*Asks:* 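Okay, here's the structure, questions in a sec.
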Protein chains: 2
Amino acid sequence: MAKKATRAAERREDALSRERIVEAAIELLDEEGESGLTFRALSTRLATGAGAIYWHIANKSELLVAASDAIVLRALADVGDRASPRKTVRNIAAGLFDAIDAHPWVGAQLYRAPWQAAMLQVFERIGRQLQALKVPAAAHFRSASTLVSYIVGVSVQNAANGRLFDPPVDREEFLERVADRWKALDADEYPFTRKVATQMRKHDDRAEFLGGIDLILAGVVRSS
Amino acid sequence: MAKKATRAAERREDALSRERIVEAAIELLDEEGESGLTFRALSTRLATGAGAIYWHIANKSELLVAASDAIVLRALADVGDRASPRKTVRNIAAGLFDAIDAHPWVGAQLYRAPWQAAMLQVFERIGRQLQALKVPAAAHFRSASTLVSYIVGVSVQNAANGRLFDPPVDREEFLERVADRWKALDADEYPFTRKVATQMRKHDDRAEFLGGIDLILAGVVRSS
DNA sequence: ACCTGAACACCGTTCAAGT
DNA sequence: ACCTGAACACCGTTCAAGT
């Protein structure tokens, strides 16, 4: 945490740094997708040699972790603590949902490095709200990890949906197409899915997601 | 579905086929991990040329989807329908949890191809139990997708935990080490996480997971 | 129809050499 | 201390040529 207290002014504007590399990686991932992040493309963007990056970052895996950590931590930083505990949980959930929706590549990363900086912060922030809600201490771990699992799971899945079709389509058309696919399923093998196809087409992922949070929160508080 | 009704006897024992390729891919993934699946290793194992595989399968992405679909569908097939709806949901959840735990590489795949064959089957099977539980039709889609998201999310995360340390450690030691790490966290920044470290060390992921299912199921039925 | 394996266009990573 | 960029050991995928 206490790195170096040296004058920031000394830094050359164009000097390479871990942060600048991570920032460029995020841009590349957002613009080109996961396959767009290569050390060659990255070094071109940073106007340096491919090997220079290795002076600041151990390898690609570490770079991906750093990039997704940055996104998650930024999203968490944007969520205040002043609202009621219930509302704060909803805000954290919505913040993550939106951040992962905007940067879908974060999803894969969160699962590759669980309990790392980013996930741990989510867990901590959620946990504090549970304390404020007077959830009994014995249920703290279970409640917090259920919520975190749900939040991350749904957010990642929602973001993945956006890439189901190639070329990508907007939400409206996406739902239309999946609904059509569901309606065309075999009547004997998929009676349930066929029936809910219309419901699916009209649903709002984000609203349903927040509904799910309320549902789990209700269960957590009630069963305490 | 109605492919070719020709005599199966005609097939040479050693002939390449989509199934044989998928089976070999699963073995490779289980033995060597995701990075172990290359077309070179695969063709060596199948005693053929690298290009031969492309006659049966379009590309690596399709191969990964086929391999993870196979694992999930097999797990679902092992779950009966005879128990009570509630119990069947638990059984499906437990079956997926165990399957993904045994084949951790499946996790990444499920998110890459959502609403594909495998996930759709999970959704359908869960949905039918909700119908049996008399959940009102209007809540069908929401309830089923909440459950599926939770089941897949937790299972994938649990499987990812197994690879947090390198070299891999057993469950006991894993929990011990994470707990130690949590206890060493900054007291001001991570008060909640520090406090639940001991709870974490003693918890049983699988049991908590099934507890979470009951919790959501209770919420689904009650709020109907 | 199905298989072979060399060839192509990429990768991540290393490292001697520079400043 | 930090950067360069060629070189190495890989990849996935294609495709002319075989049977």
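In the text below, chain A, chain B and the rest are named by the order of the sequence lines, each starting its count at 1. Since the model is a prediction, treat every value here as computed from it, not as a measurement.
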*Asks:* Which side-chain N or O atoms in residues 88-96 of chain A pair as donor and acceptor under 3.5 Å with protein atoms at least two apart or in another chain?
*Replies:*
from, atom 1, to, atom 2, distance (Å)
A:T88, OG1, A:A83, O, 3.3
A:T88, OG1, A:S84, O, 2.9
A:R90, NH1, A:D214, OD1, 3.3
A:R90, NH1, A:D214, OD2, 2.6
A:N91, ND2, A:K87, O, 3.4

*Asks:* To the nearest angstrom, how far is B:L63 atom CG from D:dT13 atom C1'?
*Replies:* 14 Å
*Asks:* In terms of ring plane angle, is the pair B:F141 and A:W182 parallel, tilted or perpendicular, where the classes change at 30° and 60°?
*Replies:* tilted
*Asks:* In this structure, how many angstroms lie between the P atom of D:dC2 and the CZ atom of A:R18, rounded?
*Replies:* 14 Å
*Asks:* Base, sugar-phosphate alone, or nothing: which one does A:L46 contact when heavy atoms must sit under 4.0 Å apart?
*Replies:* nothing
*Asks:* For A:L64 and C:dT13, give me the distance from atom CG to atom C1', rounded to whole Å.
*Replies:* 15 Å
*Asks:* Should the pair A:Y111 and B:Y111 be assigned to parallel (<30°), tilted (30 to 60°) or perpendicular (>60°) ring geometry?
*Replies:* parallel
*Asks:* Take atom CD1 of A:I53 and atom C1' of C:dC11, then tell me their distance rounded to the nearest Å.
*Replies:* 14 Å
*Asks:* Any sub-3.5 Å donor-acceptor pair from A:R20's side-chain atoms to A:A15's backbone N or O?
*Replies:* yes
*Asks:* Which pairs pass ring pair (Phe, Tyr, Trp, His ring centres under 6.0 Å) with one or both residues in residues 26-67 of chain B, sequence neighbours excluded?
*Replies:* B:F39-B:Y54
*Asks:* Without decimals, in angstroms, what is the distance between B:I21 CD1 and D:dT13 P?
*Replies:* 13 Å
*Asks:* Taking the side chain as every heavy atom from C-beta outward, state whether B:T146 and A:V154 have any pair of such atoms under 4.5 Å apart.
*Replies:* no
*Asks:* Which protein N or O atoms sit under 3.5 Å from an N or O of nucleotides 5-10 of chain C?
*Replies:*
from, atom 1, to, atom 2, distance (Å)
C:dG5, O6, B:G51, N, 3.3

*Asks:* Taking CG from B:L37 and C1' from D:dG12, how many angstroms apart are they, rounded to a whole number?
*Replies:* 11 Å
*Asks:* May I ask you to check whether A:Y150 and B:Y150 place their ring centers less than 6.0 Å from one another?
*Replies:* no
*Asks:* Check each residue of residues 54-62 of chain B for a non-hydrogen atom within less than 4.0 Å of any atom in DNA chain C, then write out the ones that pass by number, or none.
*Replies:* B:W55, B:H56
*Asks:* For B:E62 and B:I57, indicate whether the former's side chain and the latter's backbone hold a donor-acceptor pair under 3.5 Å.
*Replies:* no
*Asks:* Shortest non-hydrogen contact from B:E32 to B:S35?
*Replies:* O-OG, 4.2 Å
*Asks:* In a table with atom names and distances, give each donor-acceptor pair under 3.5 Å that connects a side chain of residues 168-178 of chain A to protein atoms at least two apart or in another chain.
*Replies:*
from, atom 1, to, atom 2, distance (Å)
A:D170, OD1, A:E173, N, 2.9
A:R171, NH1, A:D205, OD1, 2.0
A:R171, NH2, A:H203, O, 2.6
A:E173, OE2, A:R177, NE, 3.3
A:E173, OE2, A:R177, NH2, 3.2
A:E176, OE1, A:R201, NH1, 3.2

*Asks:* For A:Q129 and A:R125, indicate whether the former's side chain and the latter's backbone hold a donor-acceptor pair under 3.5 Å.
*Replies:* yes
*Asks:* Wobble G-U and Watson-Crick pairs count when both distances are under 3.5 Å; given that, what is the 5' to 3' dot-bracket string of DNA chain C, with | for pairing to other strands?
*Replies:* ||.|||||...|||||.||
*Asks:* To the nearest Å, give me how far apart CD (A:E34) and P (C:dG12) are.
*Replies:* 13 Å
